[in-house]
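Before any comments, here is the structure.
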Amino acid sequence: MRIALAERLVYRTDFFLGTLMRFAPMVTTILLWRAIYQGSTTQEYDGLTYQNVVAYYLLTMVSRAFSSMPGLSGGIARDVREGTIQKYLIQPIDQVAYLLMTRLAHKLVYYAVAAAPYAIVFYLCRGFFAGWPGTVEFAAGLASLVMAFFLGFFFEVSVGLLAFWFLEISSLLFVVMSLNYFLSGHMVPLELMPDGIEQVMRLLPFQYLAYFPAMALLGQIERPDLAAGLAAQLGWTIGFAVLCRVLYRRGLRRYSAFGG
Amino acid sequence: MTRYLRLYAAFMRQGLMQEMAFRGNFLIRVGTELLWFVVLLVFYDVIYRKTDTVAGWTRWEYMVLVGTHFVVTGLVEMFFMPNFAELAEKVRSGRLDFALAKPVDEQFLLTLQSLDWATGTNVLYGVGMIGYSLAELARLPSLVQCVIFVVTLLAGVAIFYSLMTMLAVTAVWLIRNQHLYEMWFYVNIFARFPPEIFQGTLGNPLRRVFTLVIPVLVAVAVPANTLGRGLLSGWMVAFSLAAAAVLLVVSRLVFRWALQHYRSASS
C-alpha cells in the first residue's frame, strides 16, 4: 500500500494530466451524441435522453475505474510462460490472494489521487445529471461498483490462467478486451442495441463491469430489477472466484507435470 | 532519387520478409484488426438505427468517412508508426549513430525504414467500406472528384506524418517516449468524426484549433466530403494541401534541429 502510494506520487503532475487526458475521448463522445440526437425528431431513444446518454458515459468511466485491471491477465500469462511464477510457489503465500491485495492497494491509492480530476470533470458536466441519485440507488450503485472490482479481478485472473494451457495468449487477450469493451456496454448502452443482441448481453456477466453500476447510479433501474441485478452480479463474482481457484489448481498440476 | 527508390523497395521487401517469418502471428494480427473494424461497424449500425443523419451526414455518406479514416490511419500505421516507435529506443541505446553515419538522408532512413504490413490491411477494409458505401449511395464519382480524393487523402497522410515526426523526435530530449502510441490515439481521435459535430461553446474552439493549428480535421473530412457527398470546397482543398506542405517543411526543420541536439549514448 505504501509502495503503491509512493509510486503514484513520484509522477504526480504526469498522473494528473494523464487522468485529465483520459477524458479527451469523452469530449468527442459528447459532441457526437449531441449531433446524433439533433439529427432525429425524437428526444428519447429507448427511454434515454441525450443527457442520460452523456451521464451514462461519464459513469461508465467510473465503473471502468473499478472493474478494469490493466496488465493483470498479461502479467499472469508472462509469469506462467517465463517461469517466474515459481517465486510465488516457493513462498508461503497464496498467489491469487497476493495479487488481489496488490490490486486493491493500487486501486485504493488510485481513487485517492484520481478523485480530484474526476471531481473536476463531473462538476463541469453537472448539467447532464438530473441530480443526486436516491439513497437506495446510490447504495446499490456503490455495492455494484465494489463487486465490479472483484468480478473484473477474478475474470481477468481466470483469463490469464489460461496461459497454463496455451502458452502464448496475447492475441486472445486482445480479443477478450475488444469483446469486453463491446459487451460491457462501454461502447453503447445496452438499451440502444438491437433487441436480439441486447437479450444476449443481458445474460452475460460483462454488463456488470460497466453498464449495470453506471445505470444503477443513474437511477435508471427499477428497484426490483436492481435487487435482481445485484444478486446476479454477486453470483457471477462468486462463480468466477471459484473458476479461478479451479483453474489455478488444475493449471499448477499441469505446470509441475512439465517439471517446472 | 532512383537510389532512394531502390532503397525503399529494399525496406519494403525486408519488412514483408520479417512478417512472413512469423506467419501465424501475422494472421492473428490481421484478424484482430478485422475484429475492431467489425466492432466499429456495429457501433455505427446502432446509431443509424436511431437516426437518419448525424450532423448532416447520412448513413452511407458517414460510412465513406469511416472508410477514408481507415485508409488514412492504415497508411500512417503501416508506413510510419513502427519507425516513430523505434526512434526513442535508438536514442536510448545509441544505435542512432549508425543511422547518422550512413550516406543517406537521416529523415528518410529514420522515418521510413520499417513497415508494418499487418496494419496495412486496414487500408483494404477502408477501401472496401468506401466502395460498398458508394454503391449504397448509388454514386459514381467523376474523375476529377477521384483525383481530388486521392490528392487530399495523401495530404491527410502527410499531415499525420509531419505531426507524428515532430512528436517522435522529442525522444532526443525525453529519451523515453512510451506515450507515443497514446499520443497517436489522441491525435487520431478527433479526425474520426465529421467536423460538423464540433459545435457550441466547447466544440467551436476545438474545431478551430484542430483545423488551423493542428489540422487533423481536414485530413479525413476533405477527401471524404469530395468522394461521398460530391461537396467540393476549393478553399478547403487548397487549405489541406497548403497545411500538408507547411507541416512537411516545419517537421523537417524540427527534425534536423532536434538531431543537432542529439548526444550519442554509445561513446
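Within every chain, numbering begins at 1; the chains are lettered A, B, ... in the order of the sequence lines, protein sequences first and strands thereafter.
For residues 203-220 of chain B, the side-chain hydrogen bond (donor to acceptor under 3.5 Å, both in side chains) pairs, not counting sequence neighbours, are Asn204(B)-Arg207(B).
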**Request:** Using the ring-ring contact (aromatic ring centres under 6.0 Å, His included) rule, take Trp184(B) and Phe84(B) through it: C-alpha gap first, then chi angles, then the decisive distance, then the call.
**Result:** CA-CA 10 Å; Trp184(B) 166 236; Phe84(B) 298 145; 8.7 Å; no
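Proximity to chain B at a heavy-atom threshold of 4.5 Å picks out Leu192(A), Met193(A), Pro194(A) from residues 190-198 of chain A, in numerical order.
Each of Ile28(B), Leu206(B), Asp52(B) has some count of heavy-atom pairs under 4.5 Å with chain A, and the biggest count is that of Ile28(B). Taking chain B as the reference chain and counting heavy-atom pairs below 4.5 Å, the highest number among Ile30(A), Leu179(A), Leu32(A), Val175(A) is found for Leu32(A). Counting heavy-atom pairs closer than 4.5 Å to chain B, the top residue among Phe174(A), Tyr181(A), Phe182(A) is Phe174(A).
Neither the backbone nor the side chain of Phe210(B) comes within less than 4.5 Å of any heavy atom of chain A. With a 4.5 Å cut-off on non-hydrogen atoms, Tyr48(B) does not touch chain A at all. For chain A, the nearby parts of Phe43(B) are the backbone and the side chain; heavy atoms of each come within less than 4.5 Å. At a 4.5 Å heavy-atom cutoff, the contact between Val188(A) and chain B is made by side-chain atoms alone.
Between Phe80(B) and Tyr161(B), the angle of the ring planes lies from 30° to 60°, which puts this pair in the tilted group.
Partners of Asp116(B) according to the salt bridge (charged side-chain N to carboxylate O under 4.0 Å, His left out) rule, which considers only residues two or more places apart in sequence or in another chain, are Arg29(B). For Asp45(B), the salt bridge (charged side-chain N to carboxylate O under 4.0 Å, His left out) partners two or more places apart in sequence, or in a different chain, are Arg49(B), Arg59(B).
Ionic pairing of Arg229(B) and Glu196(B) is present here: one or more N-O contacts between side-chain nitrogen and carboxylate oxygen are shorter than 4.0 angstrom.
At least one side-chain heavy atom of Val62(A) sits less than 4.5 Å from a side-chain heavy atom of Phe122(A). Thr49(A) is not listed as a side-chain neighbour of Tyr37(A), based on a closest heavy-atom distance of 4.5 Å or more.
With rounding to the nearest 0.5 Å, the separation of CG in Leu163(B) from CG in Asn188(B) is 11.0 Å.
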